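To keep things clear, I will list the structure first and then write my remarks on it.
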Amino acid sequence: MPDEITERVLHVIADAQRLPPEKVTVDKTFQELGIDSMDGVSLLFALENEFDINIPDEAAKSIRSVQDMVDGVKAILAHGGTLPHAAETPAEPDAKEPSAKEPNEGAPVA
Amino acid sequence: MRRVAITGAGVISAMGKTAGEFWANLAAGRSGIRTIKTCDTSMLRFKNGAEYTEFTHEPYFSDKQVDYLDRFAQFAVIAAREAVVQSGVTWTDDLRERTGIVTGSCTGGQITEDLGFRDIYEFKRNRIHPLSIPKVMGNAGASQISMEYGIVGPAYTVTTACSSSAHAFGQAYWLVRNGVVDFAITGGSEAPFSYAFLKSWEAMRVVSPDTCRPFSADRTGMVLGEGAAMFTLEPLEDAVARGAEIIGEISGFGMSADASHITVPNPKGAARAMRAAMADASIRPEQVGYVNAHGTATRANDISETLALKDTFGEHLKRLPVSSTKSMHGHGLGAAGALEAAATVMALQHGILPPTMNYREPDPECDMDVIPNVSREAKVEYALSNSFAFGGLNAVLAFRNPLVRG
């Protein structure tokens with residue numbers, strides 16, 4: 001008997017993808033359920049709303065199955081609703097030259 | 001069919017306020033990507049964009065004029081002015097009737113719309129500024145340019161997401177080539193930095209939390225950019241006859257639709273558009289010496305584009321440099337095609353191919369010569385500029401340096 005969180009995740013997936021609930025079980029991959037990459041992004045949105053959590057982009061990239069989604073949601077809930085990730089610490093844009101805040105006027109071109 | 005020359009270029013962007021600054025920074029590999037300041041990014045997963053943060057309207061428009069102009073239209077007019085000045089064209093009533101304007105933009109005056117709608121929804125005001133519609137409409141750039149010069153010929157705006165200004169450029173090219181007009185102003189503009197719009201991009205999970213690394217194995221997505229690039233086009237014969245400076249030649253335009261997925265690109269569609277551009281230019285793949293890639297640095301595009309380039313160029317790809325200047329000017333959305341046309345035209349003109357910046361690690365699925373991190377001297381006759389938009393609408397422009405014999 002799946003736990004409450006798993007039930008809710010299955011329900012969100014079935015609802016968002018308009019699939020009969022009995023088709024959406026924890027053993028299924030996204031491919032088996034006909035869920036493509038854009039659908040996957042939409043599902044993350046639905047899960048964030050359902051559980052009031054924040055799913056970071058890196059976590060999103062590795063989710064490929066219903067079980068991945070259940071595990072991911074549980075991990076985030078256990079961490080208080082969000083996971084630390086690179087995007088939460090502002091990263092300075094990487095540039096070999098100093099940042100172009102004042103683009104060099106009239107720099108000689110070969 | 002008449003050959004069509006490019007006789008003026010204007011660019012305003014995070015890379016600088018003129019085409020000259022844009023080119024100098026491109027060639028030197030100086031990126032315009034920086035921390036976004038015009039929006040509060042504290043609740044956004046990304047903080048960076050190619051934003052022209054220091055931009056103010058004062059050098060360009062009176063306060064009264066700017067009442068009528070969203071930021072995206074300001075950019076359009078400024079870039080058009082620079083191009084027209086460079087062209088040295090003399091306006092006559094006859095020419096004004098025989099001039100066309102085709103611009104591109106994804107979202108038009110969405111900053112104005114955003115502010116106005118907040119007044120209504122958030123601040124519960126019962127009225128919105130009466131100039132909202134004329135400022136927001138996607139054609140505002142084309143209209144304002146026509147008013148600036150009294151141009152009364154065919155004028156319109158094309159919207160095809162990230163391919164908008166490439167489609168616009170191609171359409172303007174064909175208008176001149178087919179003799180519908182004798183002069184054209186074309187290009188695109190975009191001002192995407194408003195909070196909810198950035199949130200919309202965040203939701204797609206394709207925006208990088210650090211910077212834009214096209215084709216690099218460790219790339220993490222795209223970076224948005226703003227600005228405008230505009231060009232003047234005219235029959236090559238006319239340009240030569242009046243002693244205009246020929247900064248380049250537009251020699252082909254190809255289009256296709258993927259008919260595949262609303263966001264994921266399809267390499268077959270892209271290859272079809274590149275072949276169409278070369279067919280329109282009457283050139284063989286082996287004649288192309290440089291490709292300015294769509295190169296958004298998303299996982300999907302860079303792989304798909306590499307497959308498309310392999311399909312199109314075969315063995316020749318091993319000798320064909322392909323770089324993405326989005327690594328420096330960001331993804332200008334409706335202005336992207338035009339910014340990249342500027343990069344390509346100037347690369348041919350100056351004999352320097354701009355680099356793909358921020359490149360750290362080769363990706364076996366993007367195994368091409370991407371001109372990593374340092375620009376390269378090369379005399380190239382023909383180049384392609386690729387734009388592969390959401391919704392699978394592809395536009396490819398073929399440019400030529402008429403002074404180089406292949």
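Given the structure is predicted, the values throughout are model-derived calculations rather than measurements. All chains are named by letter (A, B, ...) in the order of the sequence lines, taking the proteins before the strands, and each is independently numbered beginning at 1.
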Heavy-atom count around A:Asp52 CG within 6.0 Å, excluding the residue itself: above 12?
no

Notebook entry, point to check: Above 12 or not: heavy atoms from other molecules or residues under 6.0 Å from CD of B:Glu361?
Noted result: yes

So, the part of B:Val207 with a heavy atom under 4.5 Å from chain A: the answer is backbone

- CD/A:Glu22: more than 12 non-hydrogen atoms of other groups inside 6.0 Å: yes

Of the listed B:Met328, B:His261, B:Arg299, the one with the largest count of heavy-atom pairs under 4.5 Å with chain A is B:His261

d(A:Asp57 CG, B:Glu202 CD) to nearest 0.5 Å is 7.5 Å

Heavy-atom nearest pair, B:Ala203 first then A:Val41, reads O-CG1, 3.1 Å

Taken to the nearest 0.5 Å, the spacing of A:Lys61 NZ from B:Arg205 CZ works out to 9.0 Å

Taking everything shown except B:Lys199 itself, do over 12 heavy atoms lie less than 6.0 Å from its NZ? yes

Please report the C-alpha distance between A:Glu58 and B:Thr220 in whole Å, then the side-chain angles of each, then the deciding distance to 0.1 Å, and finally whether the side chain to side chain contact (heavy atoms under 4.5 Å, CB included) criterion is met. CA-CA 9 Å; A:Glu58 298 78 58; B:Thr220 48; over 6 Å; no

So OG1 of B:Thr263 and CG of A:Asp36: to nearest 0.5 Å the spacing works out to 7.0 Å

Bottom line for B:Thr53: the part with an atom under 4.5 Å from chain A's heavy atoms is neither

- Is it the case that more than 12 heavy atoms not belonging to A:Lys28 sit under 6.0 Å from its NZ atom? yes

Okay, B:Met204 and chain A: the region with an atom under 4.5 Å from a heavy atom over there is both

